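Residue numbers begin at 1 in each chain, while the letters A, B, ... track the order of the sequences. In this text the structure is predicted, and so the values were computed from the model without any measurement.
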2 protein chains.
Amino acid sequence: MARAATTSDAFNAVAEPRRRQILSYLAAHERPVAEIVTALKLDQPSVSKHLGVLRSVGLVRVRCDGRQRFYRTNAAAIRPLHEWASEFEQLWKHQLSRVKERAEEKANEVKSKSNPHS
Amino acid sequence: MARAATTSDAFNAVAEPRRRQILSYLAAHERPVAEIVTALKLDQPSVSKHLGVLRSVGLVRVRCDGRQRFYRTNAAAIRPLHEWASEFEQLWKHQLSRVKERAEEKANEVKSKSNPHS
DNA sequence: AAATTACATTCTTATATGGGAATATGTCAA
DNA sequence: TTGACATATTCCCATATAAGAATGTAATTT
């Protein structure tokens with residue numbers, strides 16, 4: 001089996017750096033495609049294709065007005081990612097404090113070695 | 001250009017569901033490969049390959065003991081993901097409350113329509 | 001109607017999978 | 001040394017890109 005489609009879920013869609021850029025850019029305001037193109041310096045077809053992926057997993061929404069299409073990020077679709085990562089929040093805090101402790105221990109060892117008679 | 005390698009960063013590595021499973025499984029304790037195989041019902045080569053990807057982006061660490069290799073998740077490597085998603089936290093809270101408001105407005109409208117003389 | 005604007009879609013191509021099967025490597029036991 | 005055991009690596013293949021170029025489509029203007 002090949003890699004899962006980028007359109008299969010938010011995790012796969014967000015793996016692409018440009019799509020993350022687009023989501024961040026669209027977080028504040030809705031924007032027409034052309035503005036994304038100039039702001040992020042990407043080709044228009046590329047932007048449209050990325051938006052298509054984002055739309056297919058619900059990460060962005062569109063509003064049509066004449067010939068313009070205003071995209072905005074649907075932040076709620078990012079929650080699953082945030083929640084999955086939160087599973088590990090306590091863990092990395094513990095791990096970091098342990099690293100800190102060991103660093104301090106080591107510092108003390110070095111101290112006593114370099115100054116054995118102190 | 002093809003899709004970025006799964007080994008290019010945590011975002012790409014974590015896009016694969018089995019790798020997320022593995023990370024969750026290894027969050028509590030370190031485990032030898034064989035236990036991952038039986039617990040998640042995957043083939044051994046598959047697990048080794050996924051672990052290779054996870055290791056290459058620093059999401060897991062290994063400790064060798066005889067012929068066993070104990071893997072544990074390095075939670076700190078998940079932080080970038082969590083922090084990126086956090087960018088949108090305020091936004092989805094606002095969006096959700098707006099949806100709620102509009103739902104309530106709509107409910108009131110329906111109420112007054114079905115009971116116009118109240 | 002013809003030209004223009006704003007996007008979307010299609011095609012091609014180099015590249016990277018993930019799973020399965022087979023095999024290699026490294027370590028301990030008899 | 002010869003097995004047995006725990007993992008890793010290699011090969012093959014169907015599939016899925018993402019970028020670039022070209023083209024299609026719908027709405028607006030002249």
So which protein N/O to nucleotides 25-29 of chain C N/O distances come out below 3.5 Å?
residue : atom : partner  : partner atom : Å
dT27(C) : O2   : Arg67(B) : NH1          : 3.2

Does anything in residues 56-66 of chain A pair up under salt bridge (Lys or Arg N to Asp or Glu O under 4.0 Å), and if so which pairs, sequence neighbours excluded?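 Matches after skipping sequence neighbours: Glu30(A)-Arg63(A).
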Determine which pairs satisfy salt bridge (Lys or Arg N to Asp or Glu O under 4.0 Å) with at least one residue from residues 85-95 of chain B, sequence neighbours left out, and list them in order.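 Listed once each, the pairs are Glu89(B)-Lys93(B).
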Donor-acceptor pairs under 3.5 angstrom involving side-chain atoms of residues 42-54 of chain A: please list them, not counting sequence neighbours.
residue  : atom : partner  : partner atom : Å
Gln44(A) : NE2  : Ser48(A) : OG           : 3.1
His50(A) : ND1  : Arg19(A) : NH1          : 3.1

Pairs meeting criterion side chain to side chain donor-acceptor pair (under 3.5 Å) with involvement of residues 31-42 of chain B, two or more places apart: Arg31(B)-Glu35(B)
Could you check which residues of residues 12-32 of chain A get a heavy atom under 4.0 Å from DNA chain C? Sort them by number, please.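 Heavy-atom cutoff 4.0 Å gives Pro32(A).
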Tell me whether the OP1 or OP2 atom of dA8(C) has a side-chain N or O from Tyr71(A) closer than 4.0 Å. yes
Output side-chain donor-acceptor pairs under 3.5 Å for residues 5-13 of chain B, partner residues at least two apart or in another chain, one line each.
residue  : atom : partner  : partner atom : Å
Ser8(B)  : OG   : Ala5(B)  : O            : 2.5
Ser8(B)  : OG   : Asn12(B) : ND2          : 3.2
Asp9(B)  : OD1  : Phe11(B) : N            : 3.1
Asp9(B)  : OD1  : Asn12(B) : N            : 2.8
Asp9(B)  : OD1  : Asn12(B) : ND2          : 3.0
Asn12(B) : ND2  : Ala15(A) : O            : 3.3

Bend angle of the helix from dA1(C)-dT30(D) to dA30(C)-dT1(D), from helix axes over five pairs at each end, nearest 10°: 10°
Just the table, please: protein N/O against nucleotides 9-15 of chain C N/O, every pair under 3.5 Å.
residue : atom : partner  : partner atom : Å
dT10(C) : O4   : Lys49(A) : NZ           : 3.4

Length of the [atom1]-[atom2] vector between [X] and [N], whole Å:
X	N	atom1	atom2	result
Asp43(B)	dT9(D)	CG	P	17 Å
Phe11(B)	dT17(D)	CZ	P	19 Å
Ile36(B)	dA6(D)	CD1	C1'	12 Å
Gln68(A)	dT5(C)	CD	P	13 Å
His50(B)	dT9(D)	NE2	P	15 Å
Phe70(B)	dA6(D)	CZ	C1'	11 Å
Asp9(A)	dA16(D)	CG	P	14 Å

Rounded to the nearest 0.5 Å, what separates atom CD in Gln95(B) from atom CZ in Phe88(B)? 10.0 Å
Calculate, to the nearest 0.5 Å, the distance between atoms CG and CG belonging to Leu40(A) and Leu26(A) respectively. 8.0 Å
Please identify each residue that fulfils salt bridge (Lys or Arg N to Asp or Glu O under 4.0 Å) with Arg67(B), with sequence neighbours left out. none
Arg20(B) side-chain N/O to Val14(B) backbone N/O, donor-acceptor pair under 3.5 Å: yes
For residues 70-84 of chain B, which side-chain donor-acceptor pairs fall under 3.5 Å, sequence neighbours excluded?
residue  : atom : partner  : partner atom : Å
Asn74(B) : ND2  : Gly58(B) : O            : 2.9
Arg79(B) : NE   : Glu83(B) : OE2          : 3.3
Arg79(B) : NH2  : Glu83(B) : OE2          : 3.3
His82(B) : NE2  : His82(A) : NE2          : 3.4
His82(B) : NE2  : Ser86(A) : OG           : 3.1

